[in-house]
Structure formats: structure tokens, C-alpha cells
A.B. asks: 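Can you read through this structure? Questions will come right after.
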2 protein chains.
Amino acid sequence: MADARKARPTPLQPNMSDVARHAGVAIGTVSNTLNNPEKVREPTRLRVQASIEALGFVRNDAARSLAAGSSNTVGIVLVDMGNSFFVDIARGAEATLREQGMNLLIANSDIEIEKQLSNLEVFEQARVAGIILAPLDPHITNSLVSKAVSRPLVLVNYAAEDARYAGVVADEHYGGYIAAQHLISLGRKNLVFAGGPIKLQAVAERLAGAGQAVSETPGTVLTLIETTGMNISHGRTAGSRIAAQDACVDGVVAASDLLAIGIIQVLEQQAGRRIPEDVAVVGYDNNHFASESTTPVTTISQPGEDMGRAAAELLLAEIRGEDEGGRSTIVLRPHLITRASTVATRNRV
Amino acid sequence: MADARKARPTPLQPNMSDVARHAGVAIGTVSNTLNNPEKVREPTRLRVQASIEALGFVRNDAARSLAAGSSNTVGIVLVDMGNSFFVDIARGAEATLREQGMNLLIANSDIEIEKQLSNLEVFEQARVAGIILAPLDPHITNSLVSKAVSRPLVLVNYAAEDARYAGVVADEHYGGYIAAQHLISLGRKNLVFAGGPIKLQAVAERLAGAGQAVSETPGTVLTLIETTGMNISHGRTAGSRIAAQDACVDGVVAASDLLAIGIIQVLEQQAGRRIPEDVAVVGYDNNHFASESTTPVTTISQPGEDMGRAAAELLLAEIRGEDEGGRSTIVLRPHLITRASTVATRNRV
DNA sequence: TGCCTCGAATGAAGCGCTTCAAAAGAACCA
DNA sequence: TGGTTCTTTTGAAGCGCTTCATTCGAGGCA
């Protein structure tokens, strides 16, 4: 079985022919043991597996994907790893891919367009099987074409303008709708929508959704307070403007949790309004600290993990060529998480 | 120049010989243009580069690292992508690596030991140039050996027990020290250290550091309140116990920001203490919401990005074989970020 | 016993790149 | 012009794997 071993100085990393020699089989049999075990008779397979164990063989993925002409890795390009929404997407995608025996590479763009493009190029060089992209701006598809991204690609968070790529997005309209609906169901009548700039498509849709809920319920009104951004400081500005309103506002839909927190701070501490008794506030995104702030914020939770899962499934279908004749866009619904900023609880601190 | 082109049906992805043919040079020249431009005369190089552009050639990384026997990618295995500390480490490492023309692959372990091991194996298969590992527990090095991780590896956040691997850690003792020192410099005398379980090495060291600061200053005392965890709810429990103390506590060092937030909530809202006038509170970690909570929390900021940078540098040295005879452990100091929970500000909301 | 069939095992070819010994060119001097 | 030296270019070999046409061998049947 063990014939004259060729002079191989230090087999630091044993390769397939080392395994084949050790097991007394041909190299093709080792390959089949790994990739098509049903084609190898049991005794042979066991012998090969024992040799793999004995030598501590780990298959060289570079060689594998070079020879096979395809990789078992997909890449995801995130807008910002500091944002838990995107981290959730990655988590969801990873779970689905792992079930299918594929690996996920995560790249972070840090909200910089150059990094995003460079990350795409890295994946392109790595010849990943496919790419999940959270585009930095909705017009990115043009840049993609120029970057010659020629492999299966699925967008998350923005739909493609043309139908060139499949995509997964959240139903922003519905999110705005259930936020307002929640306030209305609590008996609130004089609502404010705070968010902006309105030219952001997501904000506009949330506003439209809230508007629909109000228009469906006689006796309720919705006022828009447009902000220039979505941070706590913008929230404070919005809070002052809400406090200054003539009409007595009793419900606020904020387009982000940070906005909501800023608004709550000003209303409680400067305007002397009680939250939620006088004013109920709903945020958006389910940021980590929405639940951790002094007054935990009722929020619309983005379906991040589900979006990641759906994106991974679309991508797998595309990789396998099962995407029958069309790039679909999947729309997932967010859901409401009720906390103390809209509903007083016994055990509230 | 363009001789009879071999029948190549669809050059979907042009390769190096396509480029060579197009530019009228040998394939080795194309390779040199990419990897050793100084070895190619300028006119030739420009011609090759033009052809690369014209054909939209992207080098196949799998083939490259197979032929070269080394990859230009390093992998980082994070404990938890949901924790901004680890995200910062990745960010820092990425910055340093990118400067050196290397790429960073991020893998998330989601606090699960199996995922951590599986991620290590993926990197092993990918034959990455090196690995940065944030181990889930300090004893992981044993598992590493059994997983036959045989490539350059640097630990972050935990030092190796033996001197087998280089590492980067934060100076927890110093962090505890400056936290207590800050309170003392504000004239606080009756301090509490809240955190736990004490068997966690990091907590024990922070406590020791705080103890040292107190022992250096006559007239100050430090009481330990051990918690069973480090979340907001544990903080609330600790807060109640602080409120119940006989002596009038005027300063608290909390071992995490969440703990600090819970303590602040109870002291302010249930015990009627003013923050920071009656009690000043310092947290730890600079969690995102430490600055976003109603009372922004003074905190000890972990040097996450710096740790990532340092880890990447150690790893690069090891990859290049410059790690003269020893695995060093680098200790980086955290720093204090002063906010409203210890110092009253004019513009406090 | 001889022939046929079919599942199992074989191993050469080739994936796209880097390397490096060898060939070709350029530059210079006598 | 020929010889020498140095620079630039060439292209075959080989990295470790997958693939697949080919070969092997066991079993069934006449």
C-alpha cells in the first residue's frame, strides 16, 4: 500500500494526493469522497475519511474554486456595521447560507462610497458565487455596471430602479400605517409625524402610511414636522416645535428612534408633558437603545433578519439558475413593538 | 499584433492570456505589470494596462493564491457583531490592512462556540494569510490546536495563556483606576464599585484599579457591590442596593454602561437622588447609547479601533516573518469620556 | 467457461495564475 | 563590427483541486 514515497520535505499542509497515497486510492476517489460520497463504496469512503483525519487534511478552497469554476462563498456588502439593522441582515443571510453549506463574507462600507465600490471589487476578485448588496444610495446600480459586477447580485433595503437585480425591501408605508394606527387605537387624535428630509423615499413612504391611517379614522388629524436629519439633536428641535404647537398634540410618529428619544427628552423635561399620558411617541427602527433609554420607546421594528434570509434565498436561486425569468422584489412587513413611550406599565421605573 | 484568435466562445471573464494576446505581450509580462510594475518598461506597462481596461479584466484571486501559495486576505473572527466594541476592532484592523493592500474578511460567532470554530475552519480552508481572533473564552487556545489552526494568528481581548500567540488587550486595571480617579478629582469620597461576577477577569481588574485609586487618596473609601451580570436590570438591582446603603454614596464606578444606566434610573427616579449633584456615576465601554440616554453617561472608552490596528500590525509582522523571536502582548489604555452623569453642564436638557 | 453489464475506481487534462531559467534586446566599449 | 553586460521579455512548469472519459472488476446469465 505504501510505496516509495516521493521526497516531500515537510508535509506542513497535506494535500489530496497525500491523502490518496495514504489511503491507497486514486486522487479522484478522494475528491469524490468529499463532494459526491454516494459515488464511493462505503469501505473505500471510510478508509479515505480515516486518512483525512489522520493527516489533518483541510481542502484548499482556492484550488477547489479554481478547478470547479465556482466558489461556495457569497459576499455581503453592508452600509455600516455600526448600525444594528444591517448587522441583523447579515445575521439572517448567514443563517440561511450556512444551512446550504455556503459561507458568508462580510464587508463594511462605513458609509463611504469608495469603500463600497472597493468591497465589490474585492468580492469580484474573489470570484464569490454571488453578492448581497445594501446600496449606499438608490442610484448605485449605474456604478455597479461600470464596475462590471457580473455575478449574481441581490439588493437589500433599496429596490433596483430597473428590473436588473432582485431585491428585498421593507414595507415603509405599512410601517408608518401601523405606527399611526397604534396611536389611534389608544385614543389619540391629534398626531404629528416628525421626520425628514422628506425627499428621503423611506421617510416619505412612512409619512404616507401614517397619513392613510389618519384619513381612515374620522376625527383624527396629522401634522407634518419636517426635520433636516434623524438624530437625537434633530429630535430635540422637533420636540420644541411640537411643544410650541397651538393644538394639543397627543401622539407622535417619529421616523427614527433617535428622533423619538430627542422628542421625549424635550417634551418631558422642558415642556412638562408626561409620556405617555399626555403624549404617546412611536419611534422607528428598533435601535438597540430604544429599549434601553429611560423611557423605553415603542418602535417599528425593521424585519432585518428576515430581509437577510430572503435575500440569501433569492441569491441562491439566482446562483442555481432557478430564478425563472424574472428579478422579483420581495417586500417584508415591519412590526410594532410596544413599550413605555405609548403604554404606561405597572413596572415602569 | 492580433493573430488568429483561438476559438474562445464567450469571453465572459477575460483572463490573463486574453490580456496578453490583446496587448501583444507574454503572459508573464501581464503578471509583472500587476505585481512587479517596476520590472516592466513604461511603454509596455501602459499598453498592458490599457488592455486590462479595455477588456475589463479582473484578476482571479483563487488562481493567484493557489499559484503564489499565499493569500492577501486575512480573516477576523468576532465574538458578536451586535457589540460595538468588536465592530470597532474590526474597523481598526480593516483600516491598517487596507493600507497594506490586504483585505479583511469578517466572520461573526454570535457568541456561539460552534460558530466560532466553524468560522476558523472556513478561514483555514480559504488559506487566509492570517487570522485575528477575539476568543469566546480564555481557554480557547486548546481548541485552536485541535482545530489545527496552523497559520499566523493574533488574539484580541484575551491574552494567550501560554506564549504561543501574540495578543492585544485593554488595560482594565488602568480603566478602573481612571474611573475612580475622575470621581475623586470631583471631590467624591464615598465610592461604590458595581459589577460582576467578580470571577470575570476584566471585572476583577477594573475593581483592583479603582481600589488602587482610592487607596492612594486618604479619606476616600470604596465599597463593592457585586452583580450577577452587566445589563440594565442588574444595574437596577445594584441601584436599589446603593440607595439602601447607610453611608451616603456620592460616586459610583459601574463595570458597564448598561449597569450605569440602570443604577442612574433607580437613583434618580426611585431614590430621589440627583445625578450628578448627589451621586456621580461612571460607566464602562462607551456603548453607543451611553451618550444617547437621557442622562448621557460618563464612561471609560475601550480602545477598540486601536486594538484592531495593533492586532493587524502584529499579524502583518508575523505573516512577513518579522516577529523576531517572540509573541508579544500589547496592552492598550482606555480613556475617559466625560458626560453629564458626572459633570453638570449648562446645556444639559 | 465465456460473455455482457454496470457500478466503482482511475488518472490525465486543465482551471488561471505566479515563478524563474532562459532567450532576446539594448547599450556600451574597444 | 564584435563582444560584453545589463535590462526586459518570454513561456513552460506547476500550485491543488475537479472532471470525465476510460479502465477495472464483480456478478449474472447462457
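By convention in this document, chain letters (A, B, ...) are assigned in the order of the sequence lines, proteins followed by strands, and residues within each chain are numbered from 1.
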A.B. asks: Looking at every strand, decide which applies to B:D61 at a 4.0 Å heavy-atom threshold: base, sugar-phosphate, or nothing.
C.D. replies: nothing

A.B. asks: Return no unless some side-chain N or O of B:R41 is found under 4.0 Å from OP1 or OP2 of D:dT9.
C.D. replies: yes

A.B. asks: Using a cut-off of 4.0 Å on non-hydrogen atoms, how would the nucleic acid contact of A:T44 be classed: base, sugar-phosphate, or nothing?
C.D. replies: sugar-phosphate

A.B. asks: Consider the side chain of A:S31, meaning its heavy atoms from C-beta on, and name the nucleotide among D:dT19, C:dG14, D:dT10 that approaches it most closely.
C.D. replies: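 Among D:dT19, C:dG14, D:dT10, the one nearest the side chain of A:S31 is D:dT19.
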
A.B. asks: For B:T73 and B:R127, test the side chains for any donor-to-acceptor distance below 3.5 angstrom and give the result as yes or no.
C.D. replies: no

A.B. asks: Using a strict 4.0 Å threshold on nitrogen-to-oxygen distance, state whether B:R45 and B:E42 make a salt bridge.
C.D. replies: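 Answer for the salt bridge query: yes.
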
A.B. asks: Any base atoms under 4.0 Å from A:G28, or only sugar-phosphate, or nothing? Heavy atoms, all strands.
C.D. replies: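 A:G28: base contact, heavy atoms under 4.0 Å.
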
A.B. asks: A:A63 has a side chain; which of D:dT10, D:dC17, D:dG14 sits nearest to it?
C.D. replies: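 Selected nucleotide: D:dC17.
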
A.B. asks: Whole angstroms only, please: what is the CG-C1' distance between A:L34 and D:dT19?
C.D. replies: 15 Å

A.B. asks: Quick one: on DNA chain C, does B:N36 or A:V40 contact a more 5' nucleotide (nearest heavy atom)?
C.D. replies: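 Comparing both residues, the 5'-ward one is A:V40.
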
A.B. asks: Given C:dT10, D:dT18, C:dT18, identify the nucleotide with an atom nearest to the side chain of B:R59.
C.D. replies: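 Nearest nucleotide to the side chain: C:dT18.
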
A.B. asks: Would you say B:N35 places a side-chain N or O within less than 4.0 Å of OP1 or OP2 belonging to C:dT18?
C.D. replies: yes

A.B. asks: Can you tell me which nucleotide in C:dC17, D:dC17, D:dT9 comes closest to the side chain of A:F57?
C.D. replies: D:dC17

A.B. asks: Starting the side chain at C-beta, find the nucleotide from C:dA12, C:dT18, C:dT10 nearest to A:N32.
C.D. replies: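 The answer is C:dT10.
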
A.B. asks: Under 4.0 Å from OP1 or OP2 of D:dG16: is there any side-chain N or O of A:N60 that close?
C.D. replies: no

A.B. asks: Is there a side-chain contact between A:I76 and A:L104 in this structure, where contact means two heavy atoms from C-beta onward sitting under 4.5 Å apart?
C.D. replies: yes

A.B. asks: Between P on C:dT18 and CG on B:N72, what's the gap in Å once rounded to a whole number?
C.D. replies: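 Atom CG in B:N72 sits about 10 Å away from atom P in C:dT18.
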
A.B. asks: Taking only side-chain N and O atoms of B:T29, does any of them lie within less than 4.0 angstrom of OP1 or OP2 on D:dT10?
C.D. replies: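 Checking D:dT10 against B:T29, a side-chain N or O does come within under 4.0 Å of OP1 or OP2.
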
A.B. asks: I need the B:F123 CZ to B:I132 CD1 distance, nearest 0.5 Å.
C.D. replies: 10.0 Å

A.B. asks: In terms of heavy-atom contacts, does NZ of A:K39 have more than 12 from other residues, nucleotides or ligands at under 6.0 Å?
C.D. replies: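 No, because the 6.0 Å sphere around NZ of A:K39 holds 12 heavy atoms or fewer from other groups.
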
